[in-house]
Amino acid sequence: MAVPVSYYVILSAIVFITGIVGVLIRRNIIIILLSIELMLNATNINFVAFSNYFHNVAGQVFVFFALTVAAAEVAVGLAIIIALYRSKSSINVDEFQLMKW
Amino acid sequence: MAQLFFFYLAGIIVLTSILVVALRNPVYSALSLLIMFFHVAGLYVTLHAEFVAAVQIIVYAGAILVLYLFVVMLLNLHREDRYHAQFPLATLLGVTILTEVILLMLQRGDSGAPVATPVIAPPTPAIGNTEAIGEVLYSTYVFPFEVASLILLVAMIGAIVLAKQDLFEQKG
């Protein structure tokens, strides 16, 4: 009994929305970056599920590109976090309101 | 049987992704994200994407998450943070979007919309998953592949420039 593809889409939507809520409600920058990882993983689940559904390998290739972007984002994001912590010795997003209008 | 596996993996994925957002200690959040990565890799194996599953474990669990844990322990945070002030707004938004998505998908499944028939690819039993990915990656998607390497180079240089203290001050 195969699993219908809509189940994968619903699972991916739930994980993605968890990531959105995490970005919105948490104050810790590290948790915000982890939530972004959650969202990227949700899109990867969609890619692989549709790749299996259409019998097309291109979806799995796009997972690699998403993975590349995730790795680059993690490296730059963590470097920014270290630079921020060095300047204010805090990683609470409420402390960084230099550009707040 | 396949559905049983799917529901086990999906349940753990949803549970751990909620724990990532809800837990207060960043180390616990990162560790529950690790469990989520392993179960997503299991989901890829059930979807016949074995190579992506291996790469998921090696890159995400092996490299990215270690980097997170390294930074969490480097910063050595003791202050526990509470939720942001926009918590009710965020939950309202999230619940709304989730119900919208689920309603849309349930409607689309029953209506007479053109159902995308799965294209039956020529069966290639001799070629494994890894080989098929390699062939597509180096023929059709060779230009995005090069661009991806450029992105990695830029990220590497950017991370070094950002994280290194007084990199430019020594020269001037």
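Chain naming here is simple, since letters A, B, ... match the order of the sequence lines and numbering starts at 1 in each.
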Which of the residues Leu67(A), Ile80(A), Ile82(A), Val69(A) is involved in the greatest number of heavy-atom pairs with chain B at under 4.5 angstrom?
Leu67(A)
Please tell me if the side chains of Asn41(A) and Gln56(B) come closer than 4.5 Å, counting only heavy atoms from C-beta onward.
yes
Drop me the distance from Phe65(A)'s CZ to Leu137(B)'s CG, to the nearest 0.5 angstrom.
5.5 Å
Does Ile151(B) belong to the same Ile/Leu/Val/Met/Phe/Trp/Tyr cluster as Met156(B), with side-chain heavy atoms less than 4.5 Å apart forming each link?
no
Under 4.5 Å between any side-chain heavy atoms of Val21(B) and Leu38(A), yes or no?
yes
Interatomic spacing from CG in Leu162(B) to CG in Leu78(A) - rounded to 0.5 Å:
11.0 Å
Decide if atom OH of Tyr28(B) counts as having more than 12 heavy atoms of other residues, nucleotides or ligands within a radius under 6.0 Å.
no
Same cluster or not: are Ile57(B) and Tyr8(B) linked, directly or through other Ile, Leu, Val, Met, Phe, Trp or Tyr residues, by side-chain heavy atoms under 4.5 angstrom apart?
yes
For Val59(B), is it the side chain, the backbone, both or neither that has a heavy atom under 4.5 Å from a heavy atom of chain A?
side chain
Can you tell which of Ile14(A), Ile45(A), Val23(A), Val5(A) has the highest number of heavy-atom pairs within less than 4.5 Å of chain B?
Ile45(A)
Just so I know, are the side chains of Leu43(B) and Tyr8(A) near enough to count as touching, which here means a heavy-atom distance under 4.5 Å?
yes
Gap separating the CG atom of Leu33(A) from the CD1 atom of Ile64(B), nearest 0.5 angstrom
11.0 Å
Closest non-hydrogen atom pair, Ala159(B) against Ala75(A)
CB-O, 3.8 Å
Verify side-chain contact (heavy atoms from CB on, under 4.5 Å) between Phe64(A) and Ile133(B), making sure each step is shown before the conclusion.
CA-CA 10 Å; Phe64(A) 283 99; Ile133(B) 289 177; 3.8 Å; yes
From Thr18(A) atom OG1 to Met36(B) atom CE, the distance as rounded to the nearest 0.5 Å:
8.5 Å
Taken to the nearest 0.5 Å, the spacing of Thr91(B) OG1 from Ile25(A) CD1 works out to 7.5 Å
Are Val161(B) and Leu153(B) in one and the same hydrophobic cluster, where Ile, Leu, Val, Met, Phe, Trp and Tyr link if side-chain heavy atoms are under 4.5 Å apart?
yes
Let's test your reading of the structure: which of Thr46(B), Val101(B), Val52(B) forms the most heavy-atom pairs below 4.5 Å with chain A?
Val52(B)
Of all heavy-atom pairs linking Val3(A) and Ala2(B), the shortest is CG2-O, 3.8 Å
Path from Val66(B) to Phe37(B) over hydrophobic side-chain contacts below 4.5 Å:
no
Is the shortest heavy-atom distance from the side chain of Pro4(A) to the side chain of Gln3(B) under 4.5 Å?
yes
Between Phe5(B) and chain A, with a heavy-atom cut-off of 4.5 Å, which part of the residue counts as in contact: side chain, backbone, both or neither?
neither
Could you look at Ile18(B) and say if it's the side chain, the backbone, both or neither that has a heavy atom under 4.5 Å from chain A?
both
Side chain, backbone, both or neither: which part of Ile10(A) has a heavy atom under 4.5 Å from chain B?
both
Taking every non-hydrogen pair under 4.5 Å, which of Val15(A), Val76(A), Leu34(A), Val21(A) racks up the most with chain B?
Leu34(A)
Please state whether the side chain, the backbone, both or neither of Phe70(B) comes within less than 4.5 Å of a heavy atom of chain A.
neither
Tell me, out of Ala10(B), Ala63(B), Gly158(B), who's got the most heavy-atom pairs with chain A below 4.5 Å.
Ala10(B)
Val48(A), part contacting chain B, at a heavy-atom distance under 4.5 Å
both
Which region of Ile32(A), side chain (C-beta onward) or backbone (N, CA, C, O), has a non-hydrogen atom less than 4.5 Å from a non-hydrogen atom of chain B, or is it both or neither?
neither
ring-ring contact (aromatic ring centres under 6.0 Å, His included) assessment of Phe62(A) paired with Tyr141(B):
CA-CA 9 Å; Phe62(A) 272 90; Tyr141(B) 296 102; 5.5 Å; yes
Are Leu74(B) and Leu31(B) in one and the same hydrophobic cluster, where Ile, Leu, Val, Met, Phe, Trp and Tyr link if side-chain heavy atoms are under 4.5 Å apart?
yes
Nearest atoms (heavy-atom pairs only) where Leu152(B) meets Ala71(A):
CD2-CB, 4.5 Å
Please find the pair of heavy atoms, one from Arg26(A) and one from Arg24(B), that lie closest to each other, and give the distance.
NH2-O, 3.8 Å
Most chain A-contacting option - heavy-atom pairs closer than 4.5 Å, from Phe6(B), Phe51(B), Phe145(B)
Phe6(B)
Is there side-chain contact between Gln60(A) and Tyr44(B), with at least one heavy-atom pair below 4.5 Å?
no
Heavy-atom pairs under 4.5 Å with chain B are the metric here; pick the option from Ala70(A), Gly59(A), Ala42(A), Ser35(A) that has the most.
Ala70(A)
Taking side chain as everything from C-beta outward and backbone as N, CA, C, O, which of these in Val63(A) sits under 4.5 Å from a heavy atom of chain B? Side chain, backbone, both or neither.
side chain
Mind checking the CD1-CG spacing from Ile17(A) to Leu93(B)? Nearest 0.5 Å is all I need.
9.0 Å
Taking the side chain as every heavy atom from C-beta outward, state whether Tyr60(B) and Asn44(A) have any pair of such atoms under 4.5 Å apart.
yes
Who among Leu67(B), Val14(B), Val95(B) has the most heavy-atom pairs with chain A under 4.5 Å?
Leu67(B)
